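Quantities reported herein were computed from a predicted structural model and do not represent experimental measurements. Order of the sequence lines fixes the chain letters, A, B, ..., with proteins taken first and strands second; residue numbering starts at 1 for each chain.
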Amino acid sequence: MDDPFAILGLPRSADLGRADVDRAYFAALEAAHPDKVAGGDEAARRRAELAAARINEAYRALRTPVGRLETLCRLGGIDLDSSDPKRGAPMPDTAFLTEMIERREAIEAARRAGAGALEDLRDAVEDEADEAVAQARRALAGGDVAAAARALVRRRYLARLLDEIEEAMS
Amino acid sequence: MSTEHDPGAAPGLFQIEEPDAGAPKRRAAGLGIGIDLGTTHSLVAIAPHGAPPRVLEDEAGRALLPSVVAYVTDPPRVGAEALALQVEHPDRVLSSVKRFMGRAPSDIDEPIPYALGERPGDDGRVVRFDVGGRLVTPAEVSARILEVLVARAETALGAKPDGAVITVPAYFDEAQRKATKDAARIAGIEVYRLLAEPTAAALAYGLDRSEQGVFVVFDLGGGTFDVSVLRLDKGVFQVLATAGDTHLGGDDFDRVLAEHLLRAAKVETPSKHVRAEALAAARAVKHALTTQPVAAATLPRAGLEGFEVTREAFEAMIRPVLGRLRAPARRALADAGVEKDEIDGVVLVGGATRVPAVKRLAERLFGRPPLDDIDPDQVVAQGAAIQADILSGNPREGVTLLDVVPLSLGVETMGGLVETIVPRNAPIPIRARQVFTNYSEEQTGMTIHVVQGEREMAADCRSLARFELSGIPRLPPSMARVEVSFQVDADGLLTVTARELMTGVSQTVEVKPTYGLSDDEVERLVLDSLDHADEDFEARDRAEARVELDRVCTAVRRALAADGDDAALLPPDERRAVAAALEEAAAALGDPARPAGELRRLRERLEAESEPFARRRMERALAERMAGRRVAEVERAVGDAKALDERRGGHHPTMTPPAPATE
Ligand SMILES: Nc1ncnc2c1ncn2[C@@H]1O[C@H](COP(=O)(O)OP(=O)(O)O)[C@@H](O)[C@H]1O
Ligand SMILES: [Mg+2]
């Protein structure tokens, strides 16, 4: 797959903000949007549609901070969406997995304990997910893609846990 | 089938494919039109060469065309004149068909007020209304509405429109969008783009005031509800998220209130006529309650006289319906990642947002008073006209519209689970792909079932298409590689292709829509309507109008000669009116220069004036024939009446089947 940073004309950096990405995205589409060539012939419209699709896909990858970090990992050789043993997402260690299982069970207990308990749990998990993102950012800044990937995998587990907590709250 | 993301596959995905055939067609700048094809009303607007948008009116100065088609005459009537026939012919006057676009009969979880029919090969996938023995699909009905609007635009532009931007609810799924495109093809108008209604509204609104910031568009029409969150920034209109319900609107208020009225009238099993009357009365009361605290309903057929409904009682009745507006509103905000206090403005669109309780709810949901200073009926068509002008080849400086996929698209995997390939609210156009593997060595084929929706199980989502990919090599589990790629174009329409990567054999599979009309059938309907078109359209139109008017004149004269003196059949004042209409019609027939529109109006007037007389004659004739006859003869009499009826242009007062006491 192509390099979304290159498609949007951005440097490969973990320090970009949403505004940087948006600005680059709008600029890229300004030129490539299918509507700009609407009066042209079919082939020109088709080409514009494909170019726009490519820009949109790049934007989708980069519009969130986590998306940017995961993309940097992939460009560094580790794809979190793959289960390939060498190039795919690293397995979290057993201790972490055990902890996740226990916390999932804790949701049930917290629900019975009342709304306040669920909120506390949610806040704690949110903080940990944020911390995992910060770790990944530091690791990438130091050039350690493997460590960044491990942190981002943990974040994915925590995000799923958050969904479950929020479901229990609703 | 199991799934795995494959990082290394398919470098060629973005290679540019040249179009297979056809000389490049250039568009005609300035001849694009914008159409709001609504559940209740439809409109057309133009904004040629950068002009401000202008909504077009009919000869009587009406901008709103009721989305109603009456199959009482041939050709069918459209708009206000069709609506006027609804209580009389509830079976043949079709309204709110947008609710049925792209649906199968089994999808429809509300009482369908029309008889349905089936053609061989439909397999329960297509809704066909049976209007007096003739079967019509929602796409065809919509095509009739589009034709009227296109003709209106042609008059205003002085030339045939080159193409149209047609708006659809943002929350319309794939099948509903496809049906809308089919309707346009049947009507013979090229679709530049299907545009989400709230996006169109934002375009008209934002351009008007050059707004900046985050806006919510809250659109409650007759049958659909959409809520979209957009960001406006220096001419870029970015849809951040959209949510809604395609079965929620002002019509639901009418239904609740109509039931209340029928209960008050102590009618337990209303006939179709009574139901149609109750719905019409309910709507009138609802409209009145928008501006006044109390309104009265009268239902002559149900024997209800001056029954009062307070606004308070109405609001209590519709509370459950109002409750259904909340979840989509919250979901849109959450998906957009926007908090209440970041919203810079709330725009109300759609006639049903005039209901005070709806306004209050919108204010509570978004924490600020909504802006409603632009006519909520016209704003969507205006936005569509702007976009149509751009797409006809007049790019406007600094207007870029970035729209999204409203509902997630995915495929069914082992165990009936959905694997999402394009998540909802992804910007369009977009391409995405996913690599799937085999689960056993025996597996040499794969069924690819494309679904749309947010539920985890495929069975709970909307099925869009199903196709087979065969010829997968025998490989150990998880070794085969099938890449499924989804391409959503700028209209939000999906193309799916699948190919086997291990053998290098790429199979591109054509996706057959699970719902809706086949391409063949659309093609046939297009040809049907082309038969009616002609280079010399005007002359032909005039000639037809003349023949029709002449036919009606002859019929009326004959009836007058036979029974004109019978005051029981034709009271004197009616007779005078009929005679006057007849005289005017005769004068017009003697003048070869009269335009078709006028001839038609004269015919309609004559038909309207003589209709009660014709009905009483037919009723008497039937009563006479049926008295004391055997069943077989009665049937023949009915057959005769039908034939007679057809000659009169399908007018059918007494022959509407007795309303089955259903619902
Ligand atoms: N003054 C009003 N008060 C209450 N409801 C209204 C009013 N005017 C129109 N409506 C309702 O708005 C709905 C139609 O809205 P519209 O935007 O035309 O719908 P659509 O886009 O679905 O065609 C109908 O249910 C109609 O009864
Ligand atoms: Mg509307």
How many angstroms lie between atom CZ of A:Phe26 and atom CD of B:Gln238, to the nearest 0.5 angstrom? 4.0 Å

Minimum side-chain heavy-atom gap A:Asp22-B:Arg231 below 4.5 Å: yes

I need the minimum non-hydrogen distance between B:Leu402 and A:Leu29, along with the two atoms involved. CD2-CD1, 3.2 Å

Neighbour count above 12 (heavy atom, 6.0 Å) for B:Arg455 CZ: no

If you look at every heavy atom in A:Arg60 and B:Ala426, which pair is closest and at what distance? CD-CB, 3.5 Å

Counting only heavy atoms not in B:Glu339, do more than 12 sit closer than 6.0 Å to its CD atom? no

Against chain B, label A:Arg23 side chain, backbone, both or neither, depending on which of its atoms sit under 4.5 Å from a heavy atom there. neither

So do B:Pro427 and A:Glu57 actually touch side chain to side chain, heavy atoms under 4.5 Å? no

Quick one: does any side-chain atom of A:Asn56 pair with a main-chain N or O of B:Ile430 as donor and acceptor, under 3.5 Å? no

Could you grab the distance from atom CD of B:Gln487 to atom CD of A:Glu49, nearest 0.5 Å is fine? 6.5 Å

To check you understand the geometry: which heavy-atom pair defines the closest contact between B:Leu240 and A:Arg18, and what is its length? CD2-NH2, 4.2 Å

